[in-house]
Amino acid sequence: MTCRIAAIAALGFMTACVPATESEAAMTEASADEHYYAYPADGDGAKPWIVVLPGGGGIEVFGDREFYFDVARHWNARGLDALVVHYQAAAPLLGIESEGIPGPMEAQVVRDALASAEREGWLDLSCPGFVIGFSAGGSGVISLANDPVPGLAGAIGYYPLVLGQPEPFEAKVPVLVLQGESDDLTTAEALETFLANAGPAENFTVHRYPGAEHGFDIPSLTLPVEYNGGVFLYQEEAAAAAGRQADAFIARILANRPDAECGGA
C-alpha cells in the first residue's frame, strides 16, 4: 500500500481531494455543477458523447488551462458532445473521498456529472458514450471500464494510473491505453503488471511509444518539466500517433453501434 500511495501522491493528487466537512458539503453541493464543463458539437440531433477526466493536477497543466478543453473541442470536431469533469473540485463538494486510490472517487463524480448532464440537456445519454482520462484521470477510466455507467461504449487512458485496481480485473467495455515507454510517473512496468491480471484480453488495445515521457500529448510542454521524480514533455510524433489511434478506436466502435440515429465520427 505504501508504494501505491506514494505513486499517487507523486501525481500531485492527494492534497486535491480532501473532502469538505458535512456542513460545507450541504451548503455547496449544488455548485458541483460549476465544475462540469459542457462542450456541445455543432449540429442538431442526437450525438454520441465523451467525458474528459483531467490529470492529477486538475484543469491546469503547468500553467496551461486550455489543454483539456482543447481535447473536448477535438471530439466536438468529430461529432461528439463533450463534458470536461473537474473531479478534484467537484468531489469535496459532493462529500466524496478518494481513500488514496482516485479511480472509484472519479467514477462517483462522473455518475453525478452525467446526472447533471441529463438534467440540463448537455448530453443525450441514450447515445453511446466514452470516457477519456489522463494520468490520474486514467484511474477513473479504468474503474469505469470495470463498472460502466449506462451507455458507456469504450474507455481511453493516456498514460493511466493503474495502481489499486481490483485483481483480477475485468473490463466490461473496450479499453484503449496509450503509454509512453519512458514515463517515470505512470510507468510502462506498472501497466504490464496491471495487464497481467486484467481481462478479457480482447477488450484491451495498448499502444506504446518509445522515448515518450509523461504528458507526451500536451503541446504546451515544449520544454521538459521535472516534477516529483518524473519528466513531463511533449513528443509530437507520439502525440500524433496516439491521436490517430484514439480517433480510430472511437470511430470503429461507433461504426458497429446498433443505434444509428446517433450521429458522430
Side-chain angles (χ1 to χ4, degrees), residues 4 7-17 32 35-37 39 49-62 64-72 74-75 82-92 94 96-114 129-149 152 154-165 171 173 175-180 183 185-187 190-191 194 213-218 220-221 227-228 230 232 239 242-243 246 249-250:
R4 290 177 176 176
I8 296 167
L11 295 174
F13 189 88
M14 293 296 288
T15 58
C17 292
H35 303 292
Y36 308 146
Y37 303 91
Y39 278 73
W49 49 270
I50 188 165
V51 170
V52 181
L53 297 178
I59 290 296
E60 183 174 324
V61 186
F62 299 111
D64 181 352
R65 293 187 59 85
E66 291 300 317
F67 173 69
Y68 298 112
F69 302 123
D70 286 341
V71 171
H74 170 91
W75 292 110
L83 185 67
V84 180
V85 174
H86 188 188
Y87 54 87
Q88 292 94 335
L94 297 168
I96 300 172
E97 298 186 46
S98 72
E99 299 181 353
I101 303 300
M105 175 276 294
E106 294 174 31
Q108 281 186 268
V109 176
V110 168
R111 285 178 165 83
D112 182 76
L114 291 177
F130 300 86
V131 61
I132 183 169
F134 302 78
S135 188
S139 185
V141 164
I142 300 300
S143 289
L144 287 164
N146 176 246
D147 184 16
V149 295
L152 190 68
I156 301 174
Y158 271 80
Y159 36 91
L161 177 66
V162 294
L163 297 175
Q165 296 294 337
V173 299
V175 179
L176 174 67
V177 178
L178 307 166
Q179 175 69 44
D183 194 324
L185 288 173
T186 54
T187 66
L191 176 62
F194 166 72
E213 305 278 3
H214 204 74
F216 67 80
D217 57 317
I218 303 175
S220 59
L221 297 175
Y227 183 74
N228 280 337
F232 290 68
F249 175 79
I250 286 185

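- The aromatic rings of Phe134 and Tyr158 lie parallel to each other, their planes meeting at an angle below 30°, with 60° marking the opposite boundary.
- Contact between Val141 and Ala155 at its shortest, heavy atoms only, is CG1-CB, 3.5 Å.
- Between Gln88 and Val109, the closest side-chain pair of non-hydrogen atoms is not below 4.5 Å.
- Looking at heavy atoms from C-beta onward, Leu185 lies in side-chain contact with Phe232 at the 4.5 angstrom threshold.
- Considering only heavy atoms from C-beta on, Trp75 stays 4.5 Å or farther from Phe130 through its side chain.
- Taking 4.5 Å as the limit, some side-chain heavy atom of Ile250 sits within range of a side-chain heavy atom of Ile50.
- Contact detail for Val61 and Tyr68: the closest heavy-atom pair is CG2-CE1, 3.4 Å.
- For the atom pair CG (Asp64) and CG (Asp70), the distance works out to 7.5 Å, reported to the nearest 0.5 Å.
- Residues Ala107 and Leu144 share a closest heavy-atom pair of CB-CD2, 3.8 Å.
- Here the shortest heavy-atom pairing between Gly137 and Leu53 reads O-CD1, 3.6 Å.
- Remark: His74 NE2 to Tyr39 OH distance equals 15.0 Å, nearest 0.5 Å.
- Looking only at side-chain heavy atoms (C-beta outward), Tyr87 and Val110 stay at 4.5 Å or farther from each other.
- Considering only heavy atoms from C-beta on, Phe69 comes within 4.5 Å of Ile59 through its side chain.
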Between Phe62 and Leu221, does a side chain to side chain contact (heavy atoms under 4.5 Å, CB included) hold up when you go through it step by step?
CA-CA 8 Å; Phe62 299 111; Leu221 297 175; 4.0 Å; yes
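- Smallest separation of non-hydrogen atoms from Thr186 and Pro160: CB-O, 3.7 Å.
- Using a distance-only test at 3.5 Å, with no hydrogens or angles considered, no donor-acceptor pair links the side chain of Glu106 to the main chain of Ala91.
- Separation of atoms CG (Leu191) and OH (Tyr159) is listed at 14.0 Å; rounding is to 0.5 Å.
- In this structure, Ile132 CD1 and Leu176 CG are separated by 8.0 Å, a value rounded to the nearest 0.5 Å.
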What do the steps show when you test Asp147 against Arg111 for side chain to side chain contact (heavy atoms under 4.5 Å, CB included), and what is the final call?
CA-CA 11 Å; Asp147 184 16; Arg111 285 178 165 83; 3.6 Å; yes
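- Phe216 has its side chain out of reach of Asp183: every pair of non-hydrogen atoms, C-beta onward, lies at least 4.5 Å apart.
- Between Gln179 and Thr187 the shortest heavy-atom distance is NE2-C, 3.7 Å.
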